Protein chains: 2
Amino acid sequence: MSHEPVSPTAHTASSVSDRPVLKLNQFLPYRLIHLAETVSRSFSQIYADQYGIGIPEWRVIATLGEHPTMTARDIGTATSMHKTKVSRAVATLESRGYVEREKNPDDLREQVLKLSSQGNAVYADLVPRALAYSKELEDALTEEQSELLGDIFGRLHDAANAYRPD
Amino acid sequence: MSHEPVSPTAHTASSVSDRPVLKLNQFLPYRLIHLAETVSRSFSQIYADQYGIGIPEWRVIATLGEHPTMTARDIGTATSMHKTKVSRAVATLESRGYVEREKNPDDLREQVLKLSSQGNAVYADLVPRALAYSKELEDALTEEQSELLGDIFGRLHDAANAYRPD
DNA sequence: TATTGTTATACTCTATAACTATA
DNA sequence: TATAGTTATAGAGTATAACAATA
């Protein structure tokens, strides 16, 4: 199952009726979105049960692990999350004791965020498991496929962003 | 931007500290989920404003367009949607006049669903635009990438489904 | 006036379970 | 007892705008 080609054959112009047909399970956007739902669900097992956090919180932890001090605005830029989503994720993480905040003396509107020592421990626990998860997905691909994947994602992302309806 | 490799280089074991680092914007699950969010948002422009429906409703229309008579259960199987989600999508579509239902005389628990003539008109309007959208994404890829995509999705989907945390 | 970040509001979506009716 | 489908409930997530503080 499921190893069918995407849209080159996703439609078949019937020679009998002119009714256009779209085969949903070979249709690129459907397959992509459905795949992402499946990955999101299985990946969240890594952090959801154990730490009681969701995707936005995981992204904040991952971003602060990579760039140890950032403002909420920086995190929004880095993760494409809206400032309200970042604000709530940070509030959740602070209430769990994983993130600390400190006003920037040079601009009191801003606060510098960083992982607490507990947050660093969570990061240290999560990263190897996250990488192992990702590796399991990649290992399902051929070497050729694996090498192309980053470029494919980049091109699809740019194309989706560029799309404007007729 | 954004044409970076995925996880082969998504982590770098620092030689200075042993702190593992995960680069979020090169991390496969993040890139996949983020891409799908972008595609989902741009693709939904095709049907959301004009017909006031969401993804579940679009999937029901696409499924009934492909297989003209199905039960709600069949649609759930075909689209991996829970029966409550199918039930509500069908109710929405019926209230809009796009779907008709009829009890199956051989098993009165079931109802046979089909697109109304108005629903068929919506389908006929949406399918070419959906295919054009998909083509725009594919055209951003090289021929080699485009040919591999279906197999890649299938392999990733199977791997994500098979994943069990340690 | 513009920006950082929070809060309020209303809305959508989702998951679960409980339910009806049929088998 | 099991299945098709609906409804209830509560919780999670989302978008928008309004807001306070600061620049």
Side-chain angles (χ1 to χ4, degrees), chain A residues 33-34 36-38 40-45 47-49 51-60 63-64 69-96 99-114, chain B residues 33-34 36-38 40-45 47-49 51-60 63-64 69-96 99-114:
Chain A
I33 293 164
H34 190 228
E37 287 168 356
T38 303
S40 181
R41 202 172 326 109
S42 66
F43 179 58
S44 72
Q45 294 181 310
Y47 51 75
D49 293 341
Y51 297 110
I53 60 177
I55 285 195
E57 289 78 18
W58 150 252
R59 286 182 181 169
V60 169
T63 303
L64 287 176
T69 65
M70 287 189 118
T71 67
R73 185 175 163 280
D74 296 333
I75 292 177
T77 303
T79 60
S80 307
M81 295 196 295
H82 193 270
K83 62 179 181 174
T84 60
K85 198 186 277 193
V86 174
S87 172
R88 286 180 173 117
V90 169
T92 299
L93 291 171
E94 190 188 31
S95 78
R96 301 266 199 292
V99 163
E100 292 165 355
R101 56 221 303 179
E102 201 178 320
K103 289 212 167 186
N104 174 5
D106 296 340
D107 183 340
L108 292 174
R109 293 172 305 182
E110 292 187 340
Q111 12 190 342
V112 173
L113 305 170
K114 56 175 191 170
Chain B
I33 292 165
H34 190 228
E37 287 168 355
T38 303
S40 181
R41 201 174 324 110
S42 66
F43 180 58
S44 73
Q45 295 181 309
Y47 51 77
D49 293 340
Y51 296 110
I53 60 177
I55 285 196
E57 289 77 18
W58 149 253
R59 286 183 181 168
V60 168
T63 303
L64 287 175
T69 65
M70 287 189 117
T71 66
R73 184 176 164 280
D74 296 334
I75 292 177
T77 303
T79 61
S80 307
M81 294 196 294
H82 193 270
K83 62 179 180 173
T84 60
K85 196 185 281 193
V86 174
S87 173
R88 287 181 172 116
V90 168
T92 299
L93 291 171
E94 191 189 29
S95 78
R96 302 264 198 292
V99 162
E100 291 165 356
R101 56 221 303 180
E102 202 177 318
K103 289 212 167 187
N104 173 6
D106 296 339
D107 183 340
L108 293 174
R109 294 171 304 181
E110 291 186 340
Q111 15 191 342
V112 173
L113 304 171
K114 55 175 193 172

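Note that the coordinates shown come from a computational prediction; the quantities given were computed from them, not determined experimentally. Any value given below was found using the heavy atoms of this structure, including those in side chains, with hydrogens, waters and symmetry copies removed. Protein chains get the first letters and strands the later ones, always in sequence-line order, with residue 1 at the start of each.
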Under the side-chain hydrogen bond (donor to acceptor under 3.5 Å, both in side chains) test, residues paired with B:Thr92 that sit two or more places apart: none
Results of side-chain hydrogen bond (donor to acceptor under 3.5 Å, both in side chains) for A:Thr38 - residues two or more places apart only: B:His157
Taking [atom1] from [X] and [atom2] from [N], how many angstroms apart are they, rounded to a whole number?
| X | N | atom1 | atom2 | value |
| --- | --- | --- | --- | --- |
| A:Met70 | C:dT4 | CE | P | 14 Å |
| A:Asn104 | C:dT3 | CG | P | 17 Å |
| A:His82 | C:dT7 | NE2 | P | 16 Å |
| A:Arg101 | C:dT4 | CZ | P | 16 Å |
| A:Met81 | C:dG5 | CE | P | 13 Å |

Which atom of A:Ala89 lies closest to which atom of A:Glu57, heavy atoms considered: CA-OE2, 3.6 Å
Heavy-atom closest contact (A:Gly52 atom, A:Arg96 atom, distance): O-NH2, 2.7 Å
[X]: partners by side chain to side chain contact (heavy atoms under 4.5 Å, CB included), with sequence neighbours left out:
| X | value |
| --- | --- |
| B:Thr79 | A:Leu24, A:Tyr30, B:Arg59, B:Thr63, B:Ile75, B:Met81 |
| B:Ser40 | A:Ile33, B:Ile55 |
| B:Gln111 | B:Arg101 |
| B:Lys83 | none |

Geometric class of the B:Phe43/B:Trp58 ring pair [parallel <30°, tilted 30-60°, perpendicular >60°]: perpendicular
Leading and trailing nucleotides of DNA chain D with any atom under 4.0 Å from heavy atoms of chain B: D:dA2 to D:dT9
Near-strand residues of residues 85-92 of chain B, defined as heavy-atom separation under 4.0 angstrom from DNA chain D: B:Ser87, B:Arg88
Proximity to DNA chain D (any heavy atom under 4.0 Å), residues of residues 72-80 of chain A only: none
From B:Leu113 atom CG to B:Thr69 atom OG1, the distance as rounded to the nearest 0.5 Å: 9.0 Å
Rounded distance [0.5 Å steps], CD in A:Glu100 versus CD in A:Glu94: 8.5 Å
Nearest-nucleotide comparison on DNA chain D, the residue closer to the 5′ end among A:Gly54 and A:Asp106: A:Gly54
Which residues share a ring pair (Phe, Tyr, Trp, His ring centres under 6.0 Å) with B:Tyr51, sequence neighbours left out: none
Sugar-phosphate, base or nothing in reach of A:Arg41, heavy atoms under 4.0 Å: nothing
Along DNA chain C (nearest heavy atom to each residue), the more 5'-positioned of A:Asp107 and A:Glu37: A:Asp107
Polar atom pairs between nucleotides 18-21 of chain C and protein, under 3.5 Å, N or O only, would you list them?
none

B:Arg109: salt bridge (charged side-chain N to carboxylate O under 4.0 Å, His left out) partners, not counting sequence neighbours: B:Asp107
